[in-house]
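All values below come from the heavy atoms of this structure, side chains included, with hydrogens, waters and symmetry mates left out.
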Amino acid sequence: MTTSSIRRGVPATSTVKFSVKLRKTLKRPQFWFGLLVLAPTAIWYIIFAYRPIVMAFRMAVVDYRLLNPAASPWVGLKNFNTLFEYRNFWIAVNNTLTYALFNFLGMLPVAMLLAYCLVSVVRGRPFYQWALFVPVVV
């Protein structure tokens, strides 16, 4: 496509193909059914997953006032600078990483042994799978 065709208002062929495909897709009832089915899940994630992340980022860059959040002044990355200078922060990071490492190294062999034992069971396997999986879901 040349620059002269852009100036004259002639759409590019890829744009035309895209708009034709979009119109065909919007006419299909499957598209609207899928959108209807996925919309509640998308709304749930926006409210309970993405909004808290955005709010946490906002709280991280302001001097948050609990009684009047709207009056919280912007401090930028000063809160992070204060956090990294705090000596107990690095002790907490070290404790967290140590706990995670030992928890992983302790739980992995137990989980593998339990999985191996569960595969070996012939009678009552569905019950054992259910009994082990229900606490994970709850």
Within 6.0 angstrom of Arg125 CZ, more than 12 heavy atoms from elsewhere: yes

Within one Ile-Leu-Val-Met-Phe-Trp-Tyr cluster: Leu114 and Phe133, side-chain cutoff 4.5 Å: no

Any donor-acceptor pair under 3.5 Å from Arg65 side chain to Ala70 backbone: no

Atom CZ of Phe89: over 12 foreign heavy atoms under 6.0 Å: yes

Hydrophobic cluster membership, Tyr64 vs Leu77, 4.5 Å side-chain cutoff: no

Linked, directly or transitively: Met112 and Val136 (ILVMFWY side chains, under 4.5 Å): no

Chi angles and distances behind the side chain to side chain contact (heavy atoms under 4.5 Å, CB included) call for Arg51, Ile46: CA-CA 6 Å; Arg51 183 175 174 268; Ile46 289 169; 5.6 Å; no

Side-chain touch Asp63/Ser72, heavy atoms, less than 4.5 angstrom: no

Nearest heavy-atom neighbours spanning Trp32 and Leu26: NE1-O, 2.6 Å

Closest non-hydrogen atom pair, Val37 against Pro40: O-CD, 3.4 Å

Verify same cluster id: Phe57, Met59 (apolar side-chain graph, 4.5 Å): yes

Closest contact, heavy atoms only, Tyr116 versus Ser120: O-OG, 3.0 Å

Donor-acceptor contact below 3.5 Å, side chain Asn79 vs main chain Ala60: yes

ILVMFWY network linking Phe48 to Ile53, side-chain heavy atoms under 4.5 angstrom: no

Crowding at CZ, Phe31 (>12 non-hydrogen neighbours, <6.0 Å): yes

Side-chain donor or acceptor of Trp74 paired with backbone N/O of Val61 under 3.5 Å: no

Sole candidate of Asn95, Thr96, Asn94, Leu101 that passes side-chain contact (heavy atoms from CB on, under 4.5 Å) when paired with Thr98: Asn94

With Tyr45 via ring pair (Phe, Tyr, Trp, His ring centres under 6.0 Å) - residues at least two apart: none

